[in-house]
Every structure is written in C-alpha cells, then in structure tokens.
Amino acid sequence: MSESKKTVFVVGLGPGGGQFLTVQAQSALQQAEVLCGYTVYIDLVRPLYPEKECYTTGMTREIDRCRWALDTARAGRDVALVCSGDAGVYGMASPLLELAEEYPDVNVEVVPGLTAALSGGAVLGAPLAHDFCVISLSDRLTPWEVIEKRLACAAQGDFALALYNPSSKGRPDYLRRAVDILLANGKAPDTLCGSVRNIGREGQEKHILTLSQLRDTEVDMFTTVFVGNAATRALSGRMVTPRGYRR
C-alpha cells in the first residue's frame, strides 16, 4: 500500500452498539480523520469518537456520500464511510467500489461487520443453521418482479430465509405479499418463523410464530424477519433449524 495514498475505509458497524464493532472496525474508525455516513448511523458511533469530524447526509444520498468520501481522501485525509450491518450486504461497499474506479489515487479497504441475518438470528436462536437465502423486500433498487421470482425459488428449494426491509409506510403490504408467494411455492402454513426489531438496540423485541401468522403481522424497516425450512422447530422458546448431525 502506497504511503502517499489516503484510504477510504468502508466500515460495517453491525447493529450499532460499541460491543458489536469488530476490532478491525475499531481500528479503522480510530485511524480515520473524518467519519462519513447516513445521519442515523453516524449518531451510533459519534459518542465513541467525539473528537472526530463528521459528515452526514439523509437517506437516498448514498452516491453523494461515496463521492464525498473519495474526494476527501484524494485531498489528503483518511475517511471512514460507515453503514449498519456489514458493508458488503446491502451496504456501501458496492457503490463505493464502483465509484473508486475513477479514483486510482485512493485506497479502499472494506471492513466487515455483523449483518442483521446473523445478529438477529442469534437473538432468535439458530434459524439459519443450514442453507439459507437473504432477500430484501425493498423495491427501491430492485423491481418487485425480480423479488417475487427470488422468493418463489427460495420457497421451492425449501431454503430458510432472512428478509430485510420487510415493510415501510410506502409499502405496508409487502410482507403479506411475500408470505403469499412463499405459501404458493411450497412453504407450509405452519412453517416456523421469527422476527426481531431493533436488533442490539434499546427496545429490542423478538417474536416466534408460524408463516400463516406472519402474513398478518405488522412490521417496519427496523425489523428483520426469519422464515424457517421444513425442519425448523421451536426448542425452549428458540427458533432452531437443525444442522443435520446425528445424535
């Protein structure tokens, strides 16, 4: 790595609390001279690094944040571009690396974090202990027709699923529509499911229920939904998908 080049660290913060930061993430945040990110995510780490300069923007300004981070690094300062969860799972690593092609004089380092499928899964038990899919129900960047096809294929293969962005004010019925697709493509109504809201944050809550019950459950953007496979079961209040080891 050339010492003349400055670095943009793309840092996954996990659920948000300091206890969820990896050592690598802590090191990157400490090395960075300025922190950049969506306002909500900067607010999660600002108390940990009160001396750091911060640049924030609102939602839907992802490309602006990436370009600002690259421009700032080109100008001579190390930058940490932060996002929740893992930087490479619906995070900022992809758009930043695409733009970084225009900045050969800037280093980019992707710093992994704890994505909601894993942190939320731990709250519920072990729902993703066998083959699984992660699907976002947000159609802001992916056409709903594509999401429908992916849900259908996951159901036909009896994958366990982690569903991100299951609902919002603008699409309150998307989880119900997703459940209908899963039911129409092979998932049984009594398939064990779970949900976790505010993973690792104040007000965290979890629920275990069946797929038919999930259809009429209200959730929001702070919720991650889990759908089991045919073998998933409830054990002492936990959602467990067997790995398949013989006892």
Side-chain angles (χ1 to χ4, degrees), residues 12 14-15 20 22 83-94 110-139 141-167 174-197 199-200 204 206-215 217 219 221-247:
F20 296 107
T22 67
C83 57
S84 68
D86 179 87
V89 181
Y90 305 120
M92 297 300 293
S94 175
V110 180
V111 180
L114 188 58
T115 187
L118 305 183
S119 55
V123 173
L124 290 172
L128 306 179
H130 212 294
D131 299 333
F132 67 93
C133 298
V134 177
I135 299 176
S136 170
L137 299 189
S138 172
D139 60 355
L141 300 175
T142 304
W144 179 251
E145 294 75 17
V146 174
I147 297 171
E148 285 183 320
K149 183 176 181 179
R150 291 173 179 170
L151 288 166
C153 289
Q156 291 165 18
D158 192 30
F159 285 92
L161 295 99
L163 302 178
Y164 286 42
N165 307 312
S167 183
Y174 276 31
L175 180 59
R176 178 181 58 78
R177 293 165 64 181
V179 169
D180 286 344
I181 293 167
L182 296 176
L183 290 169
N185 285 275
K187 288 285 187 184
D190 62 352
T191 299
L192 194 68
C193 300
S195 67
V196 188
R197 187 176 187 274
I199 300 169
Q204 174 181 288
K206 66 175 182 177
H207 301 279
I208 294 179
L209 65 172
T210 65
L211 186 58
S212 61
Q213 292 170 327
L214 181 65
R215 185 182 187 278
T217 298
V219 296
M221 289 289 286
F222 300 103
T223 306
T224 304
V225 172
F226 296 80
V227 179
N229 65 21
T232 304
R233 51 188 170 167
L235 297 175
S236 300
R238 296 175 183 267
M239 184 179 177
V240 180
T241 297
R243 182 66 184 89
Y245 297 115
R246 293 181 180 273
R247 289 190 293 174

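One-based numbering along the sequence shown.
Going from atom CE of M239 over to atom CD1 of I208 covers 7.0 Å, rounded to the nearest 0.5 Å. To the nearest 0.5 Å, the span separating OG on S138 from CD1 on I147 amounts to 6.5 Å. Note that CG of L161 is 9.0 Å distant from CG of L128, once rounded to the nearest 0.5 Å. For the atom pair L183 CG and S212 OG, the distance stands at 7.5 Å (nearest 0.5 Å). For the atom pair CG of D139 and OH of Y174, the computed distance is 3.5 Å after rounding to the nearest 0.5 Å.
In this structure the side chain of K187 reaches within 4.5 angstrom of the side chain of D158, judged on heavy atoms. Considering only heavy atoms from C-beta on, Q204 stays 4.5 Å or farther from R197 through its side chain. Using a 4.5 Å heavy-atom threshold, the side chains of T142 and R150 count as touching.
Summarising the geometry of F159 relative to C133, their closest heavy-atom pair is CG-SG, 3.6 Å, with the distance given to 0.1 Å. Q156 and N185 make their closest contact through NE2-OD1, 2.8 Å (heavy atoms, listed as atom of the first residue, atom of the second, distance). For the pair L214 and V225, the tightest heavy-atom approach, listed with the atom from each and the gap, is CD2-CG1, 3.7 Å. When all heavy atoms are compared, the tightest approach of H130 to R243 is CD2-O, 3.4 Å. Across all their heavy atoms, L192 and A234 have their closest contact at CD2-N, 3.3 Å. What you find for F226 and V196 is that their closest heavy atoms are CE1-CG2, 4.3 Å.
Without hydrogens or angle criteria, Y164 side chain to A116 main chain gives a donor-acceptor distance under 3.5 Å.
Side-chain contact, N165 with S136: a donor N or O sits under 3.5 Å from an acceptor N or O.
Counted within 6.0 Å of CZ on R238, heavy atoms from surrounding residues, nucleotides or ligands total 12 or fewer; the atom is thus considered open.
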